[in-house]
Amino acid sequence: MNEAIRVLIIDDDQLVRESISAFLEDDGFIVESASSAEEALARIESGHHDLCITDFSLPGMDGEELILSAYSLSPKTRFIMHSGVNFTPSAELELIGFTRENVMSKPIIRLELLSERIHMLAGKPGVSE
Amino acid sequence: MVIISETPRSIRREIITLLVICLASYLIISGISVLLYHQKQLINDQRHYAKLRGERIAHIVSTPVGDLDKPYLDELLLQNMNDDDVNAIVIKGADGRIVAGKRKLNGTGKMADVLDATDIPVSESKRFDSHPVLSRGRLIGHVEMFLNDEEINNKLKLLLLEEFAQAVIPLFIVCLVLYVGISKLLLTPLAAVFNMARVFGAGDLSARVQTASENEIGTLAITFNRMADRIEEKIGQLADAEKQYRSLFESIQDVFYREDKDGIVRLVSPSIEKMLGYCQSEVIGRDLGDFCALSGSRALLFAEASRDGLVEDYDLLLKHRDGRIITVSANSHLYYDEQGAVAGIEGTFRDVTDRTRAFEEISQLKSSFAEIVETLPSAIIVVNGDLRIELMNRLAEEFCGFLLSQAKGVSVLRVLPAFENELLLIPQVISSKESYAREKLAVAGGFENRFYNFQIYPMKSKESSRAVIRFEDVTDKVRIQEALLQSEKMLMVGGLAAGTAHEINNPLAAILQNAQNIERRISPEIPANLEAAREIGIDLLSVRDYLERRGIIGFVTSIREGGARASKIITNMLQFSRKSGSRKELSDLNTLLDQSLELAASDYDLRKRYDFRQIRIEKDFASDLPMVSITVPEIEQVVLNIVKNAAQALSEANSADPCITLRTSRKDDFAVIEIEDNGPGMTELVRRRVFEPFFTTREVGSGTGLGMSVSYTIITTNHGGFIDVWSEPGEGARFTISLPIDRGGT
């Protein structure tokens, strides 16, 4: 068995964090969570997260700023914007390879799709499902 | 009139001449007759006396012849020579020998003897008398007497003188009496009449003949006087009339004019000055054409008059001195000279400038009124108290489908049945003088209701009771209002949604996602579940069995589905708050269509109303379709709109095999999407209007009618493409969307 994908979930809503964490853990991901961008950045600095799922609306720094900051800290980390509002990637995000594929609307009706998306985006060579 | 100046004196002279001639003639004739008569008488007397004397001499001589001595004879002869008319007496013997003889010497009165024949004054003695001397019966000699006429002539002269003297005086008296009589009875009265005529003729109309006689002259004079009276009266009347006419002519407001056939003004009333600013004398003698504003109009007037003999109300433009144009109405006729030839034209000009202007103003007012009525954006119908149409404008004609000429006098109820209920109120409106108004009156028509603002106004004029019906189509306004209302509503919803989406989505996410977690965590397929169950010593399968038996798994599924449904509502609401002008990105149309179909399938609205799953979807996608630069949500919206409409049409038609076909292809520089259904299709009318804003075939209130027009805008304006529709009734409909391929794209 290959190394599990490490996922960081950032959402200020505990219920959201927990529901996704539970699902992804069941799917074999290594899941961590943070309730704010600042907390998330502190964790990302350690540099071992494959993918971050972040809400757009966050207290303090918002999701997009978080992604941009996190990318500079850890360029290998991939990101999914998990937002309740329709989110269109900005030009800056596109520059770091962020597209509509990196967007999932909240709530996620079928969490299996999230798993698939994570695998697709963060799929390391040899990581397969 | 020429007065013959002949004095009565000449008549007098003529009469005198006549009388003198008569007198002279009488005298001559009576003189001649007296002369002839007395001459003969005298000659006879002379003869007779000479014979007697000769016989006496012969008798005396016969006795003593032979015996008689010479002195005695001489004595005897001398005695008989006393008479003046005896020139000579000669006594001759039987042998012719002069016995004795005496003669008078010429002019002296002296006697001389006649000695021989040569002494006998033959030449003077025209009268010769010879008496025989008989003695006893025997001729013894002759007494010859030579007489002259002098005495006779003298006597005749005397007689003539006497005669003249006797005739001349009475005659003269007769002539005188005659002359005086004639003069008194004839000439003087005649002279009086003549004089009166002359004075009368000279202008003194009061002149009358003073006469007392009752003869013909008197009668003549009376007749003359009467005639004069009549003339005076007539002239008086004429003068009055002339005065009246003159004052009329002077004070006439219209202009009376007369021009000869060359157009020269011969007469014009003083009112010309007021009309044209030129005084009479400036106009008379000039060509009328000089005062006409248009050259040739005088000739036209003349020609017109020549044709009919007169012109009536002929409009003529004249120039005022100050340059203004005066419109006059000419009433003129030809006038003729004594020979009956056309002499010119005369008549009146009436200044109708004000009238013309007023008329023009009225007609302008009328036409602008008509224009106003015509250009009003409302339909206007004027009806009388019996609801019969008197007037309608173009919009009303269009609405009713009748021309005014057809509808005039027709009951408005027949022409405008759509508003029957309202029209029946007209009599009430007229009697109460209070207008009636309804707003947004719905009238069924074609595919859609139309809305009208409808008013009835009573007309205020006293003499007739009429009403004005005014209505205007406010359908578009109503639709816009509805749409505005709708969009306001949506904006509000959108704003609400945007504001609360995050808050709602999080608990929804917890519900939805945890429902999924529950489903997963009762699943025996997850190793962690089995492990946990084993740790607490229960059988996961039994738990699951229980949960299923009690329907708990179903409940959880319901929670998930309910959450999903709630989520969809939020998503829909968020659509209204989505900022347009989203950036374009290179997209694959095939994927987009798939996503759109997915959206359609999960579309709550579509699912609720129509069973989208019953519709067969066929896809015919080109595999080599290049990416196109589009705003994905917009194109999705367009596709969704068309698919929804197709689904609706198919559902309504209850088609046996409802099918929607989606095709993609490349045509030149365009990527083409075709969406075709096998539904009932559209009529030509609907097809043509399908992209019109607010056009909808659905019931009022069930749609904004904006979907297809928004789609049109998205494709053409936002993407520079084309959208077209093909449809035939019963043959389905096919929408074709062509989007330009970005040449830089792959």
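Since the structure is predicted, the reported quantities are computational estimates derived from the model, not experimental observations. A note on names: the letters A, B, ... follow the listed sequences, proteins ahead of strands, and every chain is numbered from 1.
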K.L.:
Of the non-hydrogen atoms in B:Gln513 and A:Ser19, which two are nearest, and what is the gap between them?
P.N.:
OE1-OG, 2.7 Å
K.L.:
Under 4.5 Å from any heavy atom of chain A, what part of B:Leu512 do you find: side chain, backbone, both or neither?
P.N.:
side chain
K.L.:
Answer whether the closest heavy-atom distance between the side chains of A:Thr99 and B:Glu585 falls below 4.5 Å.
P.N.:
no
K.L.:
For A:Glu112, does the CD atom have more than 12 heavy-atom neighbours from other residues, nucleotides or ligands under 6.0 Å away?
P.N.:
yes
K.L.:
How many angstroms lie between CG in A:Asp26 and CZ in B:Arg520, if you round to the nearest 0.5 Å?
P.N.:
5.0 Å
K.L.:
Taking the side chain as every heavy atom from C-beta outward, state whether A:Arg100 and B:Val632 have any pair of such atoms under 4.5 Å apart.
P.N.:
yes
K.L.:
Which heavy atom of A:Ala22 sits nearest a heavy atom of B:Arg521, and at what distance?
P.N.:
O-NH2, 3.0 Å
K.L.:
Of the non-hydrogen atoms in B:Asn505 and A:Pro107, which two are nearest, and what is the gap between them?
P.N.:
OD1-CD, 3.3 Å
K.L.:
Hey, is the main chain of A:Ile108 close enough, under 3.5 Å, to the side chain of B:Gln516 for a donor-acceptor pair?
P.N.:
yes
K.L.:
Distance check, rounded to the nearest 0.5 Å: B:Leu508 atom CG versus A:Ile109 atom CD1?
P.N.:
8.0 Å
K.L.:
Give, as side chain, backbone, both or neither, the part of A:Leu114 having an atom under 4.5 angstrom from any heavy atom of chain B.
P.N.:
neither
K.L.:
Is atom CD of A:Glu92 surrounded by more than 12 heavy atoms (other residues, nucleotides or ligands) closer than 6.0 Å?
P.N.:
no
K.L.:
What part of A:Arg17 is in contact with chain B, defined as an atom under 4.5 angstrom from a non-hydrogen atom: side chain, backbone, both or neither?
P.N.:
neither
K.L.:
Do B:Asn506 and A:Asp11 have side chains that approach each other closer than 4.5 Å (heavy atoms only, starting at C-beta)?
P.N.:
yes
K.L.:
Taking atom CG of A:Leu15 and atom CG of B:Asn514, what is their separation to the nearest 0.5 Å?
P.N.:
7.0 Å
K.L.:
Where the side chain of B:Asn517 meets the backbone of A:Phe23, is there a donor-acceptor pair that is under 3.5 Å apart?
P.N.:
yes
